[in-house]
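For ligands, and for the atoms within them, numbers begin at 1 and follow the listed sequence.
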Amino acid sequence: MLERSELAENALAALHDEGYARAYDARNLTHRGMIFTGGRVAQSLDGEWNFCVDLLDTGLRQKWFAMQPQPPAERSEPWDYDPFMGEVVPVPSNWQMLQDKWYFFEGGSWYTRPLDLEPDPDGRLFLRVGAASYDCKVFLNGAYLGNHLGASTPFFVELTDHVRPGRNWLMLFVDNRRQADRVPMQNTDWFNYGGVYREVSLYRTPQAVIRDMVLSLAPDCYDRIIARVEIEGADSARLRIEGLTEVEMSLTDGVGEIEIAASPRLWSPEDPHLYDVTLTAGADQVRDRVGFRQIQRRGTEILLNGSPIWLRGIAVHEDDRDLGKVTTEEDLIRRFDHARDLNCNFMRLAHYPHHERAAQLADECGILIWAEIPVYWAIDFPNPATRADAENQLAELIRRDRNRASVVIWSIGNENADTDARLDFMSGLAAHARAMDPTRLIAAACLVNHQTLRIEDRLTEHLDVIGINEYYGWYDEDFDDLGRIGKNSSPDRPVVISETGADADISPEGPAEGLFSEAYQAEIYRKQTATLAGLDYVKGMSPWILYDFRTERRQGIYQRGWNRKGLIAADKTTRKAAFDILAAFYAERAKETGS
Ligand code: GCB
């Protein structure tokens, strides 16, 4: 609690100090603070949190986080906000979906809740925030513990040395302002949802804590498994892969790596077999369900477990008419059911890391996944702070999902102009991804050269799979150019058409023919699939997109705040005619390619 003299000083500073935010931008909550959470018992902090939007950053200026609960009648000065009483919102949620007056709000907001804790001298306590968009600053009992950048990856804060027995107050300041140095930058084609929109949990661990566990087949073989673990405060651990092996690992400086002779049953879309894995180190234990498979490229082929595969995909956003970016299990199950109805074996999780349950369910139901970070359109490529942010988001995604057999591609960006600064930034990201995870393919959604009508992008040399977003018949009106690009290009590695499509407004306001009609969209799908099937270096596609999604930048008469390229409308139920066209094409492809 601030003293009286501090209060007076603070009141003045709050009005006149424009450097108020500098002290709260440590950017210290990064992938380095992650712990492995699989199999741990979490204490959920979901539910009602006290909430306040704060357009002017008054809370940072006035240090609301330093306030102590006090009954209103006993207060000696007026409070501009009461973190302990008043409006509450559910966590997880996006504030835009809660009240009309918050729909276009972009700025900071405060979330506060009590934490009642028993003293535990032997244990450690970690807070995990599943996702908060975009800058999340964490305060406990008035102390600033740090901030995290990035709207879609989880982060951890160790609370051990900051908690007191009994009542504690946890405050999060979550700021979704679009800024020039962010990833993504100011301009996107998806809605800028704000808030704490994935689960918040507490984890108790012993002193020795398992930070990481990574399992995969060794490169190019099927009879050896590599396991790598990172454990703080232990020098040995026991790894058990149910039905396969149990081994003792010894660690040096907290890190252990072992190669185990074992021939696991291979994971594939036809047989998505998972093994139960347990890692025990002292009193700490984690679990996971892990599949083993090889994904490789050879020339223009993509090989799954040594055999060529054609990726029959669909792209999805994390977006819901009622919940915004909040993802439920039911929503994910419906999404995979629709993918199965389309005869898909592949899904692009665009344009940022989706909820971790998406890849877990894909592991179970046998759908291959393209996962990506939001290095989208213009990015401040020369800015080292932007690069650090992008690298951290990539590292958090990889550390969170690298035991998922379903995830076969890390994508490092989408439709970025081919400049020297971008090449340096993104080739760096590709190298970073490979160093962290040599067992997957690296991709990006690249551009075609519209003058020369060729696939031409200097980044492709650094990729395993060239993603191409093309909208012939929609933004590019001469459809025949697609065929020309096909003939003019001879890439030396596989191409996946990471986007193609057209809008269709099937509401009563939608047109019967021409652009934005259901018939026009269907025709584009007919022509696209017929053309692409003839290009031998095209090894898959993920058309844009499964469901219509909300976006501020689309305000045309048939859009009304929505991108309507979905094969299914925003109700996630009503299929458009193009759905069946793609499903039939994929059924054919599956027969022809035998995969
Ligand atoms: C694109 C973008 C995607 C957009 C889509 C569209 O190329 O990658 O984010 O939503 O086109 O509908 O214009």
Side-chain angles (χ1 to χ4, degrees), residues 151-152 178 182-193 313-320 324-325 347-354 370-379 409 411-418 422 426 443-450 455 457 459 463 465-477 479 481-482 485 495-506 510 515-518 520-521 524-525 528 532 540-570 576 578 582:
S152 315
R178 289 167 297 112
R182 300 262 146 112
V183 185
M185 214 201 214
Q186 284 130 315
N187 188 25
T188 62
D189 189 25
W190 69 87
F191 198 85
N192 182 29
Y193 291 108
I314 188 69
V316 276
H317 256 299
E318 202 170 48
D319 192 73
D320 187 80
K325 244 170 104 52
M347 189 179 273
R348 176 183 181 196
L349 306 184
H351 279 300
Y352 38 73
H354 286 212
W370 158 311
E372 79 188 69
I373 53 165
V375 175
Y376 182 90
W377 290 351
I379 292 283
I409 293 175
S411 174
I412 54 168
N414 184 80
E415 293 182 354
N416 318 97
D418 188 358
R422 176 268 201 161
M426 290 184 68
C446 300
L447 295 166
V448 291
N449 183 327
H450 290 273
I455 296 173
D457 186 329
L459 184 65
L463 306 174
V465 172
I466 306 171
I468 292 292
N469 294 354
E470 54 84 4
Y471 284 90
Y472 286 91
W474 187 252
Y475 300 121
D476 301 294
E477 59 273 28
F479 189 86
D481 277 351
L482 180 59
I485 287 170
V495 168
V496 167
I497 302 300
S498 34
E499 287 177 34
T500 186
D503 284 63
D505 176 9
I506 56 162
L515 294 181
F516 289 98
S517 68
E518 190 176 6
Y520 191 92
Q521 184 194 45
I524 292 292
Y525 269 80
Q528 281 283 348
L532 295 173
M541 60 193 289
S542 51
W544 198 249
I545 185 168
L546 187 55
Y547 306 114
D548 289 354
F549 61 96
R550 198 177 263 117
T551 170
E552 293 99 323
R553 74 191 294 274
R554 309 282 181 183
Q555 299 298 337
I557 53 167
Y558 301 126
Q559 299 165 321
R560 306 182 301 280
W562 291 80
N563 184 313
R564 300 201 189 267
K565 293 192 186 68
L567 292 174
I568 300 178
K576 306 179 190 178
L582 188 65

inquiry  = Using a strict threshold of under 4.0 Å (side-chain N to carboxylate O), is an ion pair present between K576 and E518?
reply    = no
task = Compute whether any side-chain donor of one residue and acceptor of the other, for D320 and Y547, lie under 3.5 angstrom apart.
result = no
request  = Mark yes or no for whether D548, through its side chain, and A569, through its backbone, hold a donor-acceptor pair below 3.5 Å.
outcome  = no
inquiry  = Is it the case that the side chains of Y376 and E415 hold a donor-acceptor pair, with the cut-off being a distance below 3.5 Å and no angle test?
reply    = no
message = Residue by residue, ordered by chain and number, which ones reach under 4.0 Å of ligand 1 with a heavy atom?
response = D189, H351, Y376, N414, E415, N469, Y471, Y475, E499, W544, F549, R554, N563, K565
task = Using atom types as modelled and distance alone, determine if a side-chain donor or acceptor of R554 lies under 3.5 Å from a backbone N or O of T551.
result = no
request  = Would you check if the side chain of D319 reaches a backbone N or O of F549 as a donor-acceptor pair within less than 3.5 Å?
outcome  = no
